[in-house]
Amino acid sequence: MKNKALIGLGLVITLAVTLLIGIILHLKSHGIIIQPRGVLKATHWIVGYAMTALLCIHWSQFHKMLTAMKKKFRWFYADARLLVVLFIATLLTGTVKLLSPVKIPHLGLWHYGIGIAMSIAACIHLVRGLPAWNKMRKG
């Protein structure tokens with residue numbers, strides 16, 4: 001159980017780092033450029049993809065349990081589903097932005113907006129799941 005708690009903690013840390021750097025990178029559209037921009041971008045990508053790996057592990061650990069309790073904990077289940085959809089959309093827009101040989105207009109803004117929505121859903125998911133996480137951490 002402690003392994004699950006560590007994966008959860010890793011998710012929280014990678015989300016926080018990715019979100020913070022994403023906001024810093026977004027400041028460019030407001031005329032504020034923070035250097036070294038290339039290092040920030042690379043860190044954002046690396047930590048974001050590390051978060052993806054942790055999320056896949058987290059999902060494999062809890063998918064059956066979440067499905068089994070979807071009727072009893074309807075809001076938690078709905079938030080988890082919304083979080084998955086927003087995460088996939090954020091991952092896809094970020095990956096297309098990273099790999100596209102040409103600049104796609106407004107893709108970065110879409111990635112940013114969906115990423116913010118995903119982060120809010122993740123915070124709700126975290127707050128609702130904290131009691132269970134705390135039991136796993138101690139167990």
Side-chain angles (χ1 to χ4, degrees):
M1 285 299 198
K2 286 187 179 188
N3 185 32
K4 289 180 180 179
L6 287 174
I7 296 294
L9 181 60
L11 270 172
V12 170
I13 292 168
T14 54
L15 173 69
V17 170
T18 305
L19 175 63
L20 179 63
I21 294 174
I23 291 170
I24 290 169
L25 291 169
H26 175 73
L27 291 175
K28 180 182 176 190
S29 67
H30 299 285
I32 302 168
I33 299 175
I34 298 177
Q35 298 294 347
R37 192 158 173 79
V39 172
L40 289 171
K41 282 182 172 183
T43 304
H44 183 71
W45 299 330
I46 291 166
V47 177
Y49 286 115
M51 180 174 60
T52 300
L54 290 172
L55 181 76
C56 289
I57 295 167
H58 182 73
W59 182 81
S60 71
Q61 291 173 331
F62 290 102
H63 176 68
K64 287 182 184 177
M65 182 184 355
L66 184 63
T67 302
M69 63 184 215
K70 77 178 177 182
K71 288 184 181 177
K72 187 174 181 181
F73 298 98
R74 200 171 308 180
W75 288 109
F76 186 76
Y77 181 81
D79 176 61
R81 286 291 178 204
L82 175 63
L83 181 54
V84 168
V85 169
L86 291 171
F87 181 82
I88 290 170
T90 305
L91 178 65
L92 289 175
T93 56
T95 301
V96 168
K97 187 171 171 23
L98 174 64
L99 299 177
S100 178
V102 296
K103 186 172 179 168
I104 301 170
H106 308 294
L107 182 62
L109 192 57
W110 276 99
H111 176 70
Y112 176 74
I114 296 168
I116 294 293
M118 180 205 69
S119 298
I120 292 168
C123 289
I124 293 168
H125 182 78
L126 175 65
V127 168
R128 288 185 174 161
L130 269 177
W133 180 82
N134 203 25
K135 285 181 187 176
M136 282 187 296
R137 186 179 58 80
K138 290 178 180 177

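- Closest heavy-atom contact between Leu40 and Ile34: CD1-O, 3.6 Å.
- The distance from the NE2 atom of His106 to the OG1 atom of Thr93 is 14.5 Å, given to the nearest 0.5 Å.
- Counting heavy atoms from C-beta outward, Lys41 and Leu25 have side chains that approach closer than 4.5 Å.
- Clustering of Ile, Leu, Val, Met, Phe, Trp and Tyr side chains at separations under 4.5 Å places Leu91 together with Ile7, Leu11, Leu15, Trp45, Tyr49, Met51, Leu54, Leu55, Ile57, Leu82, Leu83, Leu86, Phe87, Leu98, Leu99, Trp110, Ile114, Met118.
- To the nearest 0.5 Å, atom OH of residue Tyr77 and atom OG1 of residue Thr67 are 5.0 Å apart.
- To the nearest 0.5 Å, the span separating OG1 on Thr52 from CD1 on Ile88 amounts to 10.0 Å.
- The closest side-chain heavy-atom distance from Arg81 to Lys70 is not below 4.5 Å.
- Ring geometry for Phe76 against His125 counts as parallel: the plane angle stays under 30°, on a 0 to 90° scale with 60° as the upper cut.
- Summarising the geometry of Val47 relative to Thr14, their closest heavy-atom pair is CG1-O, 3.6 Å, with the distance given to 0.1 Å.
- Residue Lys2 holds its NZ atom at 13.0 Å from CG of Leu9, rounded to the nearest 0.5 Å.
- Judged purely by atom type and a 3.5 angstrom limit, Arg128 uses its side chain to pair as donor or acceptor with the backbone of Trp75.
- Ile24 places none of its side-chain heavy atoms less than 4.5 Å from the side chain of Ile32.
- Ring geometry for His30 versus His26: interplanar angle over 60°, hence perpendicular rather than tilted (30 to 60°).
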